[in-house]
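Read the structure below first, then the notes.
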2 protein chains.
Amino acid sequence: MAVTIKDVAKRAGVSPSTVSRVLSNHPRISRETTRKVKAIMEEMGYHSNMMARSLVSNKTYTLGMILPRPAEELFQNHFFAENIRGITTQASRNGYDILMTTGHSEQEELAAVTRLVKGKRVDGIILLQSRRNDPIIAFLKHEEFPFILIGHYAQDEEILCVDNDNVQAAYDATQHLIAQGHERIGFVSGPPNLTVSVDRLDGYLRAMHDHGLPMQPEWIVEGEFLQESGYRAMSFFMNLPERPTALVVIDDLVTFGVLRGLTELGFRVPDDLSLVSFNNISLTELSTPPLSSVDIGIYQLGYMASQLLIRQIQGDKPQQNRTIVPHRLIVRESSLNLSSKRS
Amino acid sequence: MAVTIKDVAKRAGVSPSTVSRVLSNHPRISRETTRKVKAIMEEMGYHSNMMARSLVSNKTYTLGMILPRPAEELFQNHFFAENIRGITTQASRNGYDILMTTGHSEQEELAAVTRLVKGKRVDGIILLQSRRNDPIIAFLKHEEFPFILIGHYAQDEEILCVDNDNVQAAYDATQHLIAQGHERIGFVSGPPNLTVSVDRLDGYLRAMHDHGLPMQPEWIVEGEFLQESGYRAMSFFMNLPERPTALVVIDDLVTFGVLRGLTELGFRVPDDLSLVSFNNISLTELSTPPLSSVDIGIYQLGYMASQLLIRQIQGDKPQQNRTIVPHRLIVRESSLNLSSKRS
DNA sequence: TCCGATTGTGCAAACGTTTTAACAAACGAA
DNA sequence: TTCGTTTGTTAAAACGTTTGCACAATCGGA
């Protein structure tokens with residue numbers, strides 16, 4: 001039905017091989033033949049059948065990824081959307097498309113990945129998250145299939161990944177609060193089994209230590225990446241006999257929970273409690289007051305992941321396994337202290 | 001390298017055709033053979049090569065879509081993420097994956113779609129938006145290639161689409177404000193060339209008319225789907241000699257702009273101005289005050305689109321071209337009037 | 001003039017499936 | 001017993017490419 005390489009060949013009076021070689025810019029094809037064949041391809045509206053091409057060349061020019069499950073709140077809408085934009089944009093630029101699939105459980109996800117890999121549907125895989133002992137990572141590593149992780153995998157430093165320096169990011173956030181004159185600073189963390197929670201807590205602790213500030217164990221609260229966690233943390237902190245004057249919060253969404261609680265109780269931000277958090281989603285600047293947040297370069301995380309994975313597919317060994325995307329603290333009203341406001 | 005159908009056949013002592021038929025549950029294959037072949041496939045870790053399968057069967061079990069360009073703010077992060085979740089989930093359930101590609105201009109997007117269609121990479125296409133005279137729609141229609149539109153295309157009622165009843169949604173929102181005792185109600189619209197803007201304005205006008213309320217042309221303001229538009233609309237309305245007491249706003253993000261402006265000027269919501277908007281993104285309930293918003297079922301829009309497209313691919317002719325996803329007004333504090341609050 | 005290298009092209013096999021047509025065997029009814 | 005039907009299987013062609021090998025023609029230097 002559709003125009004094939006043979007049709008073009010016949011019309012051009014050459015063999016199919018020649019047409020194929022024109023397509024792939026083979027050096028031995030003459031200027032003249034190239035011109036003629038290309039003209040005829042144009043004229044006949046030829047587009048090569050990707051399935052046939054993939055079958056023989058064993059390349060699909062497709063990167064796979066699994067859609068994060070709703071349960072995995074680490075990846076909220078904003079993160080996911082920005083991230084995938086980065087991934088897709090860079091992939092496109094290199095002639096790759098993104099294949100997305102999903103599973104309703106860890107087991108189904110593994111089955112989906114297996115299907116993509118063994119069924120030769122993709123050339124590489126981008127993983128948006130990893131749990132501890134991730135069977136998908138184990139599988140991909142065992143198959144020696146190209147893949148990259150956004151985030152990093154504490155259990156295995158050998159795998160390719162793109163991540164932030166979360167220790168430093170939290171250090172910066174904490175130091176900023178200290179510079180604003182705060183000494184009593186609390187930390188609202190995420191699930192303790194996630195590297196990101198561990199790293200950010202670490203950065204907070206280091207900053208406190210480096211500036212000789214007292215650390216109280218009760219000023220560190222764990223939670224989920226949900227606003228409810230923020231709400232709970234807030235009420236815990238505000239009921240302490242000695243309240244902190246500022247909080248470093250693991251995620252913007254959690255901070256919204258803190259903020260809502262504070263507003264309900266009649267406390268004011270930053271006057272009664274200053275806040276800094278992470279991710280800098282677009283709504284941080286819309287809230288009242290606007291939230292200070294560490295921009296972790298979500299788009300760039302995706303962009304780099306695409307780029308590095310494609311390089312690896314094409315046989316480029318990277319110097320180091322882990323690539324760091326720079327972060328940037330965006331200071332807004334939620335962490336500006338009174339004196340600097342009054343000045 | 002990988003295990004092929006031939007390897008399985010040889011090991012099972014049958015022909016490749018038989019193995020293929022076992023794979024596709026051909027009725028003529030005996031119980032015994034099926035059992036044996038399946039066991040061997042399991043044992044050898046066989047997975048069929050999708051490229052080869054697609055090449056001959058002309059089916060890819062893949063749906064294509066183009067990533068909305070950042071410029072097209074109609075599709076914000078929240079919408080996009082929720083929508084794609086619906087699309088992918090339902091696709092997966094039917095054994096389809098999603099292929100995502102992108103282009104930096106309308107022309108590139110058309111080229112990308114052409115590549116997917118002519119290169120036989122996908123079985124159908126989901127379009128997340130359409131401009132007027134969309135060349136992509138024209139192309140797909142001309143090729144008679146299965147596709148579905150999320151939203152609808154006023155120029156052509158023949159194409160398959162999933163949409164809300166935006167007229168009724170706006171009617172409901174307006175009527176709610178009227179029920180709260182408002183008579184002076186303004187409308188903040190989106191770009192006038194989008195169907196969604198036209199429809200929602202229409203619903204607003206009808207509700208006002210049906211309740212015998214005065215309509216003032218200056219109470220209708222056009223803008224973009226950006227918070228800046230909300231900010232501008234707000235300052236316009238609040239500087240009128242006769243201010244409205246409530247606004248219907250085309251989109252939540254725009255409403256955040258209105259809200260920020262009001263807060264800056266010291267106005268209070270809903271006391272000085274009540275607000276209702278559309279889309280019900282997750283942050284509407286986190287803002288202060290929480291925003292009333294019409295939930296348009298973003299996930300379900302995607303879910304239905306997937307489902308209907310797959311049906312069409314499989315040869316099921318739908319009764320009607322346009323499928324309506326129900327909406328639901330979620331009333332929150334931003335539109336509850338004083339009397340009902342005090343009661 | 002001859003010959004080795006270079007340039008341009010074609011033949012045919014291969015990639016891993018699906019599917020049509022054919023056929024053998026078993027079955028059941030006359 | 002015979003013959004039409006059903007059941008189970010296979011051989012082989014086809015899908016649209018890529019690519020190793022072969023070969024002819026041209027070229028450039030001795």
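Hydrogens, waters and symmetry mates play no part in the numbers below; they use all other heavy atoms, side chains included. Quick note on labels: first sequence line is chain A, next is B, and so on, each numbered from 1.
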Using C1' atoms of five pairs at each end, report the bend of the helix from C:dT1-D:dA30 to C:dA30-D:dT1 rounded to 10 degrees.
40°
Between C1' of C:dT19 and CG of B:N25, the distance in whole Å:
16 Å
Answer yes or no: is there a side-chain heavy-atom contact under 4.5 Å between A:L23 and A:Y46?
yes
Rounding to a whole Å, what distance do you find between A:R35:CZ and C:dT9:C1'?
17 Å
Presence of salt bridge, A:K59 and A:D123, under 4.0 angstrom
no
Of A:S15 and A:R28, the one whose closest DNA chain C nucleotide lies more 5':
A:R28
Considering residues at least two apart in sequence or located in another chain, which fulfil the side-chain hydrogen bond (donor to acceptor under 3.5 Å, both in side chains) criterion with B:K10?
none
Indicate for each nucleotide in nucleotides 12-19 of chain D, in 5' to 3' sequence, whether protein heavy atoms under 4.0 Å reach the base (B), only the sugar-phosphate (S), or nothing (-).
B--BBBBB
Look only at the side chain of A:N321 and the backbone of A:I159, and say whether a donor-acceptor pair between them is shorter than 3.5 Å.
no
Does the B:N94 side chain pair with the main chain of B:Y96, one donor and one acceptor, at a distance under 3.5 Å?
no
Please work out if A:S54 contacts a base, only the sugar-phosphate, or nothing of the nucleic acid, heavy-atom cut-off 4.0 Å.
nothing
Taking A:V122's backbone N and O only, do any of them form a donor-acceptor pair with A:T62's side chain (distance below 3.5 Å, no angle check)?
no
Between A:D97 and B:R115, does any side-chain N to carboxylate O distance fall below 4.0 Å?
yes
So, does A:S30 get its side chain near the phosphate of C:dT9, meaning an N or O under 4.0 Å from OP1 or OP2?
yes
Electrostatic pair B:R69:B:E106 at N-O distance under 4.0 angstrom:
no
